[in-house]
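Below is one structure, written out as structure tokens; comments come after it.
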Amino acid sequence: GALRRMEQLGASPRPIWDAFGQYGESSTRLRFQRQAGPDGVKWKPSQRVRQHGGQTLILKRRLERSITYRANNRGTQWGSNVAYARIHQLGGKIVRLAHSSTLRLRTTRSGALLRQRDHANLSVFARAHHKQAVERRYTVGPYTITMPARAYLGVNARDVRELRALGGQVVAQAVGPGSSSSGGGA
């Protein structure tokens, strides 16, 4: 009966690890909505957010949507496989090397650069086959971008309490109906 089911759960505890992984994934996604790390400290707003509004780390939600978990009988882990996940979690410096490129820009019939309608200081790019175009070489020198840490992964005291309760619920479900998780005597 119940003792046998407890023994089976002990031998194959994946249901517990699955529940923990689902909780960790959900808790992490909530941090994107709250714009705060596991410690409750609000994230420093990104330059884009300061200039144009919106939410930090949520332009296209790629990082948030990439949060997944993996569980087996030995444990669970959750996180992201997006290449830039680490720099946002831990912060750091991104060193960009100098680089050059050639741009094809559209021109008017008189040879002046064609400008974008909504942004008069920006030119319009030209396709390779476009006849009214000019090629311009440009070079960007080396520079460094400093990214502040915006921790989204982690477990806080509230998470620990929730995980303990969740573990108890999974054990109670495994033991079956009519059992009590209050530890009654035998």
Side-chain angles (χ1 to χ4, degrees), residues 18-71 76-159 162-163:
D18 266 327
F20 288 176
Q22 288 172 13
Y23 175 86
E25 181 180 319
S26 175
S27 176
T28 302
R29 288 176 191 254
L30 280 173
R31 295 191 180 122
F32 285 85
Q33 292 174 18
R34 294 179 179 147
Q35 297 282 283
D39 57 4
V41 174
K42 290 283 189 187
W43 295 335
K44 179 180 178 183
S46 65
Q47 182 177 342
R48 177 190 59 82
V49 169
R50 289 191 310 268
Q51 291 175 351
H52 305 289
Q55 291 184 297
T56 298
L57 299 184
I58 301 188
L59 178 61
K60 295 184 180 173
R61 296 192 178 277
R62 181 170 179 220
L63 180 58
E64 179 187 11
R65 285 192 317 258
S66 75
I67 304 297
T68 57
Y69 79 94
R70 185 173 45 207
T76 191
Q77 55 184 276
W78 62 89
S80 171
N81 65 353
V82 173
Y84 53 82
R86 180 183 175 94
I87 194 79
H88 286 300
Q89 172 74 16
L90 303 175
K93 295 189 180 302
I94 302 169
V95 177
R96 300 297 311 246
L97 302 176
H99 59 280
S100 298
S101 187
T102 301
L103 296 177
R104 276 186 59 80
L105 303 172
R106 289 195 47 192
T107 59
T108 63
R109 286 193 174 114
S110 65
L113 288 176
L114 187 63
R115 300 297 180 170
Q116 294 182 16
R117 261 187 214 126
D118 298 336
H119 303 281
N121 59 330
L122 299 179
S123 299
V124 176
F125 291 106
R127 295 179 190 261
H129 66 275
H130 202 282
K131 294 178 182 174
Q132 291 180 342
V134 63
E135 289 190 355
R136 297 270 170 96
R137 184 114 178 117
Y138 78 96
T139 301
V140 175
Y143 60 96
T144 301
I145 301 167
T146 301
M147 296 289 291
R150 295 183 179 103
Y152 50 90
L153 294 170
V155 177
N156 59 31
R158 179 175 184 248
D159 293 330
E162 294 290 333
L163 289 166

**Message:** Does anything in residues 101-134 form a ring-ring contact (aromatic ring centres under 6.0 Å, His included)? List the pairs, not counting sequence neighbours.
**Reply:** none
**Prompt:** Out of curiosity, Arg29 CZ to Glu25 CD, how far, rounded to the nearest 0.5 Å?
**Reply:** 4.5 Å
**Asked** Nearest heavy-atom pair of Asp159 and Asn156: which atoms, and what distance?
**Response** N-OD1, 2.8 Å
**Request:** To the nearest 0.5 angstrom, please state how far the CG atom of Leu122 sits from the CG atom of Leu114.
**Result:** 12.0 Å
Sequence neighbours excluded and cut-off under 3.5 Å, please list the side-chain donor-acceptor pairs for residues 136-148, or say none.
| from | atom 1 | to | atom 2 | distance (Å) |
| --- | --- | --- | --- | --- |
| Arg137 | NH1 | Thr102 | OG1 | 3.1 |
| Thr139 | OG1 | Ser100 | OG | 2.9 |
| Thr146 | OG1 | Lys93 | NZ | 3.1 |

**Request:** Please indicate whether Arg86 has more than 12 foreign heavy atoms, meaning atoms of other residues, nucleotides or ligands, lying under 6.0 Å from its CZ.
**Result:** no
**Request:** Measure across Ala126 and Arg106 and return the closest heavy-atom pair with its distance rounded to 0.1 Å.
**Result:** CB-CG, 3.3 Å
**Asked** With a 4.5 Å heavy-atom cut-off, do Gln116 and Ser123 have their side chains touching?
**Response** no
**Asked** Would you say Arg65 has more than 12 foreign heavy atoms packed within less than 6.0 Å of its CZ?
**Response** yes
**Prompt:** Can you check whether Arg34's main-chain N or O pairs, donor with acceptor, with Lys42's side chain at less than 3.5 Å?
**Reply:** yes
**Request:** Output the distance between atom CG (Leu90) and atom NE2 (His88), rounded to the nearest 0.5 Å.
**Result:** 11.5 Å
Under 3.5 Å, side-chain donor or acceptor atoms of residues 53-64 against the rest of the protein: list the pairs with distances, not counting sequence neighbours.
| from | atom 1 | to | atom 2 | distance (Å) |
| --- | --- | --- | --- | --- |
| Thr56 | OG1 | Ser46 | N | 3.0 |
| Arg61 | NH1 | Glu64 | OE1 | 2.4 |

**Prompt:** Between Arg31 and Gly154, what is the shortest heavy-atom contact and its length?
**Reply:** NH1-O, 3.0 Å
**Message:** Ignoring hydrogens, what is the shortest heavy-atom contact between Ala133 and Thr107? Give both atom names and the distance.
**Reply:** N-OG1, 3.5 Å
**Message:** Any side-chain to backbone donor/acceptor pair from Ser26 onto Gln22? Under 3.5 Å, distance only.
**Reply:** no
**Asked** Once you round to the nearest 0.5 Å, how far does CZ of Arg150 lie from CD1 of Ile87?
**Response** 10.5 Å
**Complete:** Heavy-atom nearest pair, Pro38 first then Ala151, reads CD-O, 3.6 Å
**Spatial distance of atom OH (Tyr23) from atom CH2 (Trp78) [nearest 0.5 Å]** = 8.5 Å
**Request:** Side-chain contact test, heavy atoms from C-beta onward, threshold under 4.5 Å: evaluate it for Tyr152 versus Trp43 and give yes or no.
**Result:** yes
**Request:** Heavy atoms only: give me the nearest Gly79-Leu153 pair and the separation to one decimal.
**Result:** CA-CD2, 3.9 Å
**Prompt:** Has the side chain of Gln51 got a donor or acceptor atom that lies under 3.5 Å from a matching backbone atom of Arg48?
**Reply:** no
**Item:** Point-to-point distance, once rounded to the nearest 0.5 Å, from CZ of Arg127 to CZ of Arg104
**Value:** 11.5 Å
